[in-house]
There are 2 protein chains.
Amino acid sequence: MSRIHVTLKDIARVAGVSTATASLALAGDPRVNVKTKRLVEEVAKRLNYVPNEIGRSLRAKKAETIAFIFPNSPHFAFTHPYFSQLLEGISEVLVENSFHLMLSVAPSEANESAAYDKILRNRRADGIILWPASIRDRNIMKIVESGFPVVYLGRWHHEEIATVEREDIGGAYKATDHLLKQGRKRIVHLSGPQEYQVSIDRLEGYKRALQEHKVLLDPAFVMEKDFSMEGGAEAVKELLASGMRFDAIFSANDRMAIGAMKELQESGIRIPEEVAIVGYDNIEMAAMMSPGLTTIDQPMKEIGRLAAAKMMAMLSEEDVGELRTVVPARLIIRGTA
Amino acid sequence: MSRIHVTLKDIARVAGVSTATASLALAGDPRVNVKTKRLVEEVAKRLNYVPNEIGRSLRAKKAETIAFIFPNSPHFAFTHPYFSQLLEGISEVLVENSFHLMLSVAPSEANESAAYDKILRNRRADGIILWPASIRDRNIMKIVESGFPVVYLGRWHHEEIATVEREDIGGAYKATDHLLKQGRKRIVHLSGPQEYQVSIDRLEGYKRALQEHKVLLDPAFVMEKDFSMEGGAEAVKELLASGMRFDAIFSANDRMAIGAMKELQESGIRIPEEVAIVGYDNIEMAAMMSPGLTTIDQPMKEIGRLAAAKMMAMLSEEDVGELRTVVPARLIIRGTA
DNA sequence: AAAGTTAATTAAAACGATTTAAATTTTGAA
DNA sequence: TTCAAAATTTAAATCGTTTTAATTAACTTT
């Protein structure tokens, strides 16, 4: 029941010095006498002193905390299968630097702006790592323009901001290219909502690959869904109902790909013989499907680490290096294509 | 670039009152004159005042923050498929109460103790929601005994601590009972590491069901693995190699169940005709398997909400209600059993 | 009009640390 | 011994808020 906290004042009193000396001693300031320093350290250790970070923060005007913000609806953010990997990477670097991680979810679209504002100004966090919101989200712009240290986890249209980006256009290109090289010509693209930059970019990569291979883009082959398994299944139902012929699917994420796969298998369509599939994300489930889902892997944990490291550099005003970091995508070939 | 912060002092100066009055006015204290109150509010709004929570915390000795701690190795915690649901539930309640969420991962076994200690004493968080660690973890005990407000997300052996628990024994009983009622007698249990309470409890539920149905427990049928898909696959390999006959598997989690399923299917064993399977957790992947995995569902988001709500009650010294809350498990019947 | 209430405001202390500038002690040289 | 310089130590201010106790102003009562 050690609810009474040992403060610096206690240390000073016991050691018989002023709080100033105690503070300086513990900070390792060369001005304090070595003997005094030892004494203070000994007392601090004996009394089990843990500095109150709130007090320290107030004075230092630093919180030693970074906020990880999801502008999306909480549900959407948390159900991202790779969300936890991202968090793991960020977390690791922060722990190494004795920083705290604050998780921040915009409660609702309505008070989103106010929520950001608060984090931005109440000084609870020194910097923000931002997950891409809808490209229509004006709040993001506000955060970025505030001059607050920000690392954005996606592609940003202006030069001045630090980002760690996935190679979405390139990844989509690799996926589509892989299908084309197998002689597939009628490739359906299951796209995510076009209000997200990733969806736009993955569609772009798909288009570029088609162009490269001189395959004409059929607009009816691009189906915009919502990244869910149900969405993938739905798309296949629509395709089958329409009677359109297709020999491959490139899905903008694994979950839609898996939904599509399931629907195809239930309709007795053989994968990959009749329809080849490539997904995106390489979630754990992908390897467990029969046949295994060919997909694009992105090292999300590494992205988290890079983002956090970049933030640390920004805060310590070290050299941040390249403002934009692009993490390459990798094609994982399994059974579906 | 609004990096200069508006403080209460600024508000007071502009409104022509003392900081004390400004503070009182904004806090809605009845002592301040209505006109003054309106004036201060107007100024605060106009200058876009956001109170500095660090200053407030220092004075109030409250951080308006709760920490969510994983005593396990970070990797283990984050790869829990339902980790994000838990987080979502906690997050929702905290946002409703204007609390912040601090995520805390013990960097390594070695400095685990120091890490907890720090959170406990540096007053960055007002309370801790604790994910179950190994039952051998002494640090947990220390946190709990410190008298710090704690909500433990599992079964605790002492009376005095607030918990939100899953119905593990009951859930395992339901799963095993379901298999027994289908006439399965040779039921293998894929257990998790016995250093975790959930593993112990799920094994216990399995045993109780067997006993209830007067089926003798064969110790060779209890296989301790590590909760991974690889572990599940491995278990099946061992079983097949040993030549032991078995007609069902009750796995302590879905991931092992899926690994086992995959291995069985690759060996040409029909599910559920030859071997029935019941998993545990109802992860998203479970529904996507062919056949769909029968499993036990636990509303992890709800558990998160309950835990956070309990913490809020503890901090505001309201009636916490039952100290122990047990959330019932539900059998989801799909194709594997 | 004096005394007593009540209402409204504010000065000042407090939270727990850091840091600057000033004060004190120690040291070394003359 | 004396004094300046160097080495230590400390008083006090500061960060931004809240809260207590004191003060002032306004209003009632006799």
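For the numbers below, each heavy atom of this structure counts, side chains included, while hydrogens, waters and symmetry mates do not. Just so we're on the same page: letters track the sequence lines, and every chain starts at 1.
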Has [X] got a side-chain atom pairing as donor or acceptor with [Y]'s backbone, closer than 3.5 angstrom?
X	Y	value
B/Ser57	B/Lys62	yes
B/Thr7	B/Lys9	yes
B/Asn97	B/Phe99	no

Rounded to whole Å, how long is the line connecting atom [atom1] of [X] with atom [atom2] of [N]?
X	N	atom1	atom2	result
A/Leu39	D/dT8	CG	P	15 Å
B/Lys37	C/dA7	NZ	P	17 Å
A/Arg124	D/dG16	CZ	P	15 Å
A/Lys62	D/dG16	NZ	P	15 Å

Which part of the nucleic acid, if any, lies within reach of B/Ser57 when heavy atoms closer than 4.0 Å are counted: base, sugar-phosphate only, or nothing?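 No contact.
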Pairing of [X] and [Y] as salt bridge, 4.0 angstrom limit:
X	Y	result
A/Lys301	A/Glu88	yes
B/Glu53	A/Arg123	no
B/Glu41	B/Lys37	yes
A/Glu92	A/Arg305	yes
B/Glu322	B/Lys310	no

Tell me the closest heavy-atom pair linking B/Ile303 and B/Val164, and the distance in Å.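 Closest heavy-atom pair between B/Ile303 and B/Val164: CG2-CG1, 3.7 Å.
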Got a list of protein N/O to nucleotides 23-27 of chain D N/O distances below 3.5 Å?
none

Identify the pairs formed between an N or O of the protein and an N or O of nucleotides 14-20 of chain C at a distance under 3.5 Å, and give each distance.
residue: C/dA14; atom: N3; partner: B/Arg59; partner atom: NH1; Å: 3.0
residue: C/dC15; atom: O2; partner: B/Arg59; partner atom: N; Å: 3.2
residue: C/dG16; atom: OP1; partner: B/Lys61; partner atom: NZ; Å: 3.0
residue: C/dG16; atom: N2; partner: A/Gly55; partner atom: O; Å: 3.0
residue: C/dA17; atom: OP1; partner: A/Tyr49; partner atom: OH; Å: 3.0
residue: C/dA17; atom: OP1; partner: A/Asn52; partner atom: N; Å: 2.8
residue: C/dA17; atom: OP2; partner: A/Leu8; partner atom: N; Å: 2.4
residue: C/dA17; atom: O5'; partner: A/Tyr49; partner atom: OH; Å: 3.4
residue: C/dT18; atom: OP1; partner: A/Arg56; partner atom: NH1; Å: 3.4
residue: C/dT18; atom: OP2; partner: A/Ser23; partner atom: OG; Å: 2.7
residue: C/dT18; atom: O2; partner: A/Arg59; partner atom: NH1; Å: 2.6

Looking at five pairs on each end of the helix from C/dA1-D/dT30 to C/dA30-D/dT1, what is the angle between the two axes, given to 10 degrees?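 End axes: 70° apart.
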Could you tell me whether the side chain of A/Val34 reaches within less than 4.5 Å of the side chain of A/Arg38, counting heavy atoms only?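 Yes - at least one pair of side-chain heavy atoms lies under 4.5 Å apart.
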